[in-house]
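Structure, as structure tokens:
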Amino acid sequence: MRDIPSRYNPQEFEKSIYSKWEKEGLFHTIPSDSKKPFTITIPPPNVTGILHMGHALNNTIQDILIRWKRMQGFASLWVPGTDHAGIATQNVVEKKIAKQGKKRDDFGREKFIDEVWKWREEYGSTIIQQLKRLGSSCDWERTRFTMDAGLSEAVLEAFISLYKRGLIYRGNYIINWCPRCHTALSDEEAPHVDTEGKLYYIRYPFKDTQKAQGIVVATTRPETMLGDVAVAVNPKDKRYKKFIGEKLVLPIVGREITIIEDDFVDKKFGTGAVKVTPAHDPNDFAMGKRHGLEGVLVMNSDATMNENAGRYKGMDRFEARAGILKELDEQGLLVKTEAHAHAVGHCYRCHTAIEPYLSLQWFVKMKPLAEPAIEAVKRGDIKFTPKRWTKVYLNWMENIRDWCISRQIWWGHRLPVYYCNACGEVIVSKTKPERCPECGSTNIRQDEDVLDTWFSSWLWPFSVLGWPEKTKDLEYFYPTDTLVTAPEILFFWVARMIMAGIEFTGKAPFKDVYLHGTVRDLTGKKMSKSLGNIIDPIEIIDEFGTDALRYSMIAITATGQDVFLSKEKFEIGRNFANKIWNASRFVLMNIKGFKAEPCGEIASDASLADKWILSKLNSAIEAVTGSLEKHKFNEAEAVIYDFFWHDFCDWYVEMVKPVLMDNSRSETKERKSVERILLHVLENSLKLLHPFMPFVTEAVWQNIMERKSIMSEAWPVSDKKTIKKGIEKEMETIKSIIVSTRNIRSDMNIPHTVKFSVFIKPLKKGKGNILEPGRDYIKNLARLGDLVIDDDLKKPEACATAVLEDYNLFIPLKGIIDIGAEKDRLGKKIAELEKQLRFTDVRLKDEKFITRAPEKIVEQEKEKSSKLKEQIKRTKETIKSLD
RNA sequence: GGGCGAUUAGCUCAGUUGGUUGGAGCGCUGCCCUCACAUGGCAGAGGUCACUGGUUCGAGUCCAGUAUCGCCCACCA
């Protein structure tokens with residue numbers, strides 16, 4: 001017998017098992033005529049990414065699905081890859097070169113991009129390596145990168161196709177500008193953060209000083225006043241009606257501006273008069289358009305003031321704000337300042353306050369794309385789990401706005417747009433045209449901008465399978481099945497993928513969208529580096545093992561709910577992995593040659609315990625499979641945990657131990673049957689556990705059982721004939737006798753080394769026979785000297801009693817038992833029973849209940865009442881007999 | 001300003017379509033190093049299911065409202 005350590009040591013197995021899986025090509029999937037496809041494309045982590053708990057949860061769920069489907073015989077494909085993450089990656093490389101005292105301009109565009117690729121070569125596979133440690137069974141041969149040749153081709157194809165359909169346009173609009181990243185952002189990339197700001201009231205004097213003192217406007221961004229071109233009031237506002245059309249003098253600048261009327265203005269906010277700054281505010285921009293007012297840009301792209309800001313030129317926007325306020329105050333034009341809470345957009349990459357900024361950008365017209373994507377979800381082609389996200393999706397889609405896709409950075413897919421320097425012609429083309437089709441000039445330049453990272457991500461489910469080529473993979477694996485992701489990127493990514501899928505392939509890209517929760521710390525904060533509340537998954541893997549990480553994570557994650565993590569929670573999984581290991585160790589140590597035939601038909605002379613555990617096993621198979629189908633992963637885990645630990649280890653194994661330990665029975669049929677069933681249950685349990693805990697199950701399967709990979713085993717199918725509720729009920733009765741006996745032993749402080757006898761008197765003749773098959777289990781598990789079951793039993797003297805439903809159970813304890821204490825104990829039992837009886841009787845006395853509740857329920861209640869009464873009566877008799 | 005989620009044992013959370021006595025893990029109490037496992041075993045204590053109304057024979061579960069916490073969306077400067 002080989003030595004199997006009594007503790008499961010994950011470090012010993014995980015890496016070698018994983019590389020063996022990889023070497024044997026078990027993750028690789030190709031189209032197969034004999035199999036149905038099951039496809040997931042990974043939400044590509046940023047190439048700069050480092051595995052965090054969100055990834056751990058996200059990828060564990062995907063791996064569970066992929067491994068489960070693979071075992072079910074699907075061509076189960078999980079396509080991995082990384083996202084080039086334009087802004088994020090460029091920022092990282094800029095930080096790196098900053099350490100050498102350099103800026104990107106010192107390199108120039110091409111050289112800088114070379115630097116990014118170098119960085120990617122060096123560090124870009126970190127996240128991939130970490131996903132492997134998580135046990136992810138991705139088809140690594142298919143690893144894609146959003147900047148690789150194929151995906152870049154897909155991006156160009158998508159851009160040109162949309163352009164041809166008139167869905168891409170270029171124009172001057174107010175966009176979200178990040179002054180730190182120096183680029184435009186989409187609305188989604190500039191989330192609003194509630195900010196405690198100030199509202200400044202500034203007086204703009206009339207040109208004709210005779211009129212009045214002036215008009216007071218309120219603003220949160222006084223520095224933008226340098227770009228004001230008008231003051232607007234509501235046409236219905238009586239206070240200002242008379243001033244419409246009058247001229248004001250813009251303080252500091254001295255520019256003459258007009259008072260205009262516009263319905264947009266809210267009479268109740270501030271003073272009811274609003275400064276109009278079309279180049280720095282989206283509303284003002286719209287107002288400017290309505291009134292034919294050109295905007296004046298007063299800032300540079302780094303949010304310093306430009307030449308239009310006069311003496312504030314060159315100053316940072318906040319510096320300028322302070323200066324302007326001071327100057328206004330000195331001139332007596334700053335009327336008042338009040339606290340004002342408002343939401344300010346911030347860059348999602350660097351958290352700098354964004355600046356609404358007028359600039360020339362490229363946009364995608366979204367409405368035509370959104371319409372079919374809305375229909376697809378309404379029709380049910382795509383289902384969200386949890387369902388509530390459907391509404392969120394639809395609400396966003398129905399109010400969708402155009403998507404700003406151009407970014408003023410270098411790292412990304414450059415726009416396939418060329419300009420003729422001679423005639424100004426705009427040419428959209430995959431490659432640089434030799435000559436201008438309009439004037440024939442060869443003086444042609446490419447647009448400097450790159451595309452939003454999400455412009456490649458939204459193509460992911462089909463671009464990774466070869467689109468725009470019509471590949472076999474695309475035909476076979478697309479549309480994919482399930483998308484597993486976090487709700488944070490519902491708009492960024494999920495919604496856009498649905499639109500792109502329908503637009504470019506004519507099909508919705510997936511059928512199910514499973515949105516899991518956000519990983520938080522115990523105080524409810526999102527885990528983030530800046531908060532310092534990170535639990536590093538790799539550290540957890542090193543300390544507790546990958547299976548512990550995976551199991552615990554899933555166990556505490558209810559569908560779509562946020563996950564609150566602390567380090568201690570990983571003990572759940574670690575302990576369970578150890579339990580699996582030790583139970584396997586026990587089974588294998590007791591089986592000769594580690595071999596056993598498949599269990600097959602259950603012999604009619606199989607023991608009660610055998611039939612019972614098989615019934616429970618098949619119920620568990622059914623339940624685990626059902627829960628997986630419903631994507632209730634925590635439920636699936638709970639079922640297998642409960643079955644394996646409690647039914648199998650705590651009861652079945654304990655029940656069969658005497659057979660295994662008794663040498664005289666070593667060659668018996670009984671022994672062989674037990675061995676077979678132990679192995680059968682273990683095998684099936686390991687298979688059910690494998691998607692959740694891939695390493696420990698494989699370690700047992702390969703290293704202890706010396707078999708080929710469990711990954712390729714077939715998922716268990718429940719044999720419904722084997723599920724026998726009668727057997728399960730019978731076993732419950734036997735268990736209740738064992739528990740009652742142990743209970744008395746514990747109450748009486750009788751050490752488990754002391755054996756005593758139990759006498760059972762069935763209430764009805766023949767009920768005793770039911771217990772016969774369980775006789776040995778009761779004797780062994782309750783540690784009895786003898787068990788007497790007798791219809792005509794007379795109650796022994798000085799005994800402890802358990803009054804069960806169909807039996808009276810006596811334990812003679814002469815010299816040990818304290819009669820007074822026993823009376824008290826039974827008295828408490830009566831009190832419990834009476835409490836229950838009161839509830840039932842209240843119900844039964846209620847005529848409405850009798851007449852309106854279903855007959856079945858009423859019958860149940862009546863039966864319960866009579867049983868309780870009967871048990872109370874018997875318990876009272878027992879107490880009396882103690883006198 | 002809208003929308004969503006949470007509120008159940010000391011802690012962290014499950015709880016299917018309303019139906020007998022509301023579960024788990026951790027922690028706690030008592031006993032056990034019993035020949036797979038002390039990362040373990042046996043037994044136990046612990047709950048007005050946030051609050052107020054309503055529907056119902058019957059509500060943790062369905063409806064309305066309140067409170068607290070959290071999240072998302074939104075162009076009142």
Side-chain angles (χ1 to χ4, degrees), chain A residues 4 6-8 174 191-192 199 217-221 224 232 264-266 268-271 273-277 281-286 340 342-343 356 386 388-389 391-392 395-396 399 487-488 490-491 517-518 520 522 524-526 544 548 552 555-558 560-566 568-569 571-572 574-590 630 632 634-635 638 641-642 649-650 653-654 657 661 739 742-747 749-753 781 783 832 835-836 839-840 843 846-854 856-858 860-861 863-864:
Chain A
I4 307 168
S6 68
R7 278 199 182 184
Y8 170 61
I174 296 274
H192 288 83
L199 191 60
V217 298
T219 179
T220 52
R221 294 187 298 149
T224 63
F264 164 78
V265 181
D266 180 351
K268 291 187 212 86
F269 189 88
T271 60
V274 57
K275 61 198 262 322
V276 180
T277 324
D281 185 280
N283 298 314
D284 295 6
F285 179 74
H340 179 63
H342 61 143
R388 63 185 133 92
W389 293 108
K391 229 164 64 180
V392 178
N395 183 51
W396 187 76
N399 297 293
E488 283 100 346
L490 182 60
F491 307 142
T518 306
R520 302 177 184 281
L522 285 182
K525 289 196 187 72
K526 193 168 164 176
F544 296 90
S552 298
I556 61 179
T557 308
Q561 291 301 341
D562 288 352
V563 191
F564 297 85
L565 269 189
S566 66
E568 298 74 53
K569 299 216 167 151
E571 289 173 9
I572 307 170
R574 181 200 59 187
N575 295 354
F576 189 38
N578 197 54
K579 190 73 183 181
I580 294 165
W581 176 262
N582 270 293
S584 308
R585 178 173 175 247
F586 174 82
V587 171
L588 275 301
M589 285 194 315
N590 282 288
K630 285 181 282 178
K632 295 199 165 189
N634 62 330
E635 196 179 270
Y641 182 95
D642 193 52
C649 293
D650 291 348
V653 166
E654 295 304 323
K657 264 183 184 172
M661 300 302 166
V739 169
R742 285 168 169 176
N743 194 335
I744 290 170
R745 182 189 288 276
S746 182
D747 281 353
N749 283 318
I750 303 167
H752 71 273
T753 45
L781 296 193
R783 294 178 175 276
E832 277 170 37
K835 195 176 148 195
Q836 287 171 40
F839 284 117
T840 344
R843 226 164 280 159
D846 187 348
E847 207 174 309
K848 283 184 189 163
F849 173 73
I850 303 287
T851 51
R852 295 194 201 177
K856 202 178 130 200
I857 300 291
V858 178
Q860 268 177 24
E861 210 66 20
E863 201 179 319
K864 188 185 157 196

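So that the names make sense, note that chain A is the first sequence line, chain B the second, and so on, each numbered from 1.
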Going by purine N1 to pyrimidine N3 plus the second Watson-Crick contact, or the G-U wobble pair, all under 3.5 Å, which nucleotide sits opposite [N]?
N      : value
U61(B) : none
G1(B)  : C73(B)
A9(B)  : none
C49(B) : none
U21(B) : none
A43(B) : U29(B)

Expressed as a whole number of Å, how far does the [atom1] atom of [N] sit from that of [M]?
N      : M      : atom1 : answer
U68(B) : A74(B) : P     : 26 Å
U8(B)  : A14(B) : P     : 10 Å
C26(B) : C42(B) : P     : 12 Å
G15(B) : U56(B) : P     : 28 Å
G19(B) : G58(B) : P     : 14 Å
U61(B) : G5(B)  : P     : 16 Å
G47(B) : C13(B) : C1'   : 14 Å
U39(B) : C33(B) : P     : 16 Å

Rounded distance in Å - [atom1] ([X]) to [atom2] ([N]):
X         : N      : atom1 : atom2 : value
Glu568(A) : U12(B) : CD    : P     : 12 Å
Asn399(A) : G2(B)  : CG    : P     : 16 Å
His192(A) : C73(B) : NE2   : P     : 10 Å
Glu571(A) : C26(B) : CD    : C1'   : 8 Å
Arg843(A) : U56(B) : CZ    : P     : 18 Å
Asn743(A) : A45(B) : CG    : P     : 9 Å
Asp650(A) : U34(B) : CG    : P     : 17 Å
Tyr641(A) : C13(B) : OH    : C1'   : 14 Å

Looking only at side-chain atoms of [X], point me to the closest of [options].
X         : options                : value
Lys579(A) : A43(B), G3(B), G41(B)  : G41(B)
Lys391(A) : C37(B), A74(B), G3(B)  : G3(B)
Phe849(A) : C75(B), G19(B), A36(B) : G19(B)
Val739(A) : C37(B), A43(B), A77(B) : A43(B)
Asn749(A) : G30(B), A36(B), U21(B) : G30(B)
Lys848(A) : C4(B), U20(B), C57(B)  : C57(B)

Using a cut-off of 4.0 Å on non-hydrogen atoms, how would the nucleic acid contact of [X] be classed: base, sugar-phosphate, or nothing?
X         : result
Arg745(A) : nothing
Glu861(A) : nothing
Ile556(A) : nothing
Phe491(A) : sugar-phosphate
Pro854(A) : base
Arg585(A) : sugar-phosphate
Glu654(A) : base

Does [N] have OP1 or OP2 sitting under 4.0 Å from an N or O in the side chain of [X]?
X         : N      : answer
Lys657(A) : A36(B) : yes
Arg388(A) : C4(B)  : no
Arg852(A) : C57(B) : yes
Lys835(A) : U21(B) : no
His340(A) : A77(B) : yes
Asn634(A) : C13(B) : no

Verify, without hydrogens or angle tests, whether [X] (side chain) and [Y] (backbone) share a donor-acceptor contact under 3.5 angstrom.
X         : Y         : value
Arg585(A) : Ile4(A)   : yes
Asp281(A) : Val276(A) : no
Asn590(A) : Phe586(A) : yes
Ser584(A) : Ile580(A) : yes
Asn578(A) : Tyr8(A)   : yes

For Arg7(A) and Gly270(A), take the nucleotide of RNA chain B holding the closest heavy atom to each; which residue's nucleotide lies nearer the 5' end?
Arg7(A)

Need to verify one output field. Residue with the more 5' nearest nucleotide on RNA chain B, Ile850(A) or Asp266(A)?
Ile850(A)

Taken to the nearest 0.5 Å, the spacing of Arg745(A) CZ from Arg783(A) CZ works out to 7.5 Å

Assess the residue pair Thr224(A) and Lys275(A) against the criterion (side chain to side chain contact (heavy atoms under 4.5 Å, CB included)); give the C-alpha distance rounded to whole Å, side-chain angles, the decisive distance to 0.1 Å, and a yes or no.
CA-CA 9 Å; Thr224(A) 63; Lys275(A) 61 198 262 322; 2.7 Å; yes

Do the charged groups of Lys657(A) and Glu654(A) touch, with an N to O distance under 4.0 Å?
yes

Around Phe839(A), counting heavy atoms of other residues, nucleotides and ligands shown, do more than 12 lie under 6.0 Å from its CZ?
no

